[in-house]
Amino acid sequence: NMEKLKGIYIIYGISDCPACLRACASAMDLYPSHEYVFVNTDFSKSYREKLKLRYDVKTFPIIIFEENGCKTLVGGYDELTSFIANREEYIDNSIPIKDNKKEPT
């Protein structure tokens with residue numbers, strides 16, 4: 001009886017970066033619905049540069065949402081807050097939403 005894995009936020013950041021810390025605080029507000037991992041990149045400039053290239057972003061934090069083996073690039077702090085707001089409509093522990101379609105307004 002495998003427990004269904006919850007979605008998890010992966011936050012690549014730098015410890016003295018205000019936006020990185022705010023991203024962690026926002027992710028914590030979701031607990032216990034979701035969990036997050038903070039990946040501290042303080043000590044490797046080359047790793048930070050690799051991440052920026054891989055995800056085609058210029059600043060930190062770089063936030064990834066991983067659920068059911070699928071990774072979604074959320075973006076930075078501003079994108080995280082709207083990503084969370086849009087997902088909350090669907091947090092009802094039923095079937096996961098596979099695509100990013102929004103409800104018609």
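If you read the sequence from its start, that first residue is 1, and numbering goes on from there. Just so we're clear, the structure is a prediction, and the values are computed from it rather than from any experiment.
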Next item on the list: Assign the ring pair Y9 / F65 to parallel, tilted or perpendicular, where the plane angle (0 to 90°) is split at 30° and 60°.
Entry: tilted
Please report the closest heavy-atom contact between [X] and [Y], naming both atoms and the distance.
X: R48; Y: F43; answer: NH1-N, 4.3 Å
X: F38; Y: C24; answer: CD1-SG, 3.4 Å
X: Y77; Y: I63; answer: N-CD1, 4.1 Å
X: E79; Y: V74; answer: CB-O, 3.1 Å
X: Y55; Y: L73; answer: O-CD2, 3.6 Å
X: K71; Y: E66; answer: CE-OE1, 3.2 Å

State plainly whether one hydrophobic cluster holds both [X] and [Y], where clusters connect Ile, Leu, Val, Met, Phe, Trp and Tyr through side-chain heavy atoms under 4.5 angstrom apart.
X: V37; Y: I11; result: no
X: I10; Y: M28; result: no
X: Y47; Y: I64; result: yes
X: L51; Y: I14; result: yes

Check: Which distance, rounded to the nearest 0.5 Å, do you find between the CZ of R22 and the OG1 of T81?
Finding: 10.0 Å
Margin query: How long is the straight-line distance from OG of S26 back to CZ of F83, given to the nearest 0.5 Å?
Written below: 13.5 Å
Check: Got a sec, which residues hit side chain to side chain contact (heavy atoms under 4.5 Å, CB included) with D78, two or more places apart in sequence or on another chain?
Finding: none
Checklist line | N40 side chain to D42 backbone, donor-acceptor under 3.5 Å | finding: yes
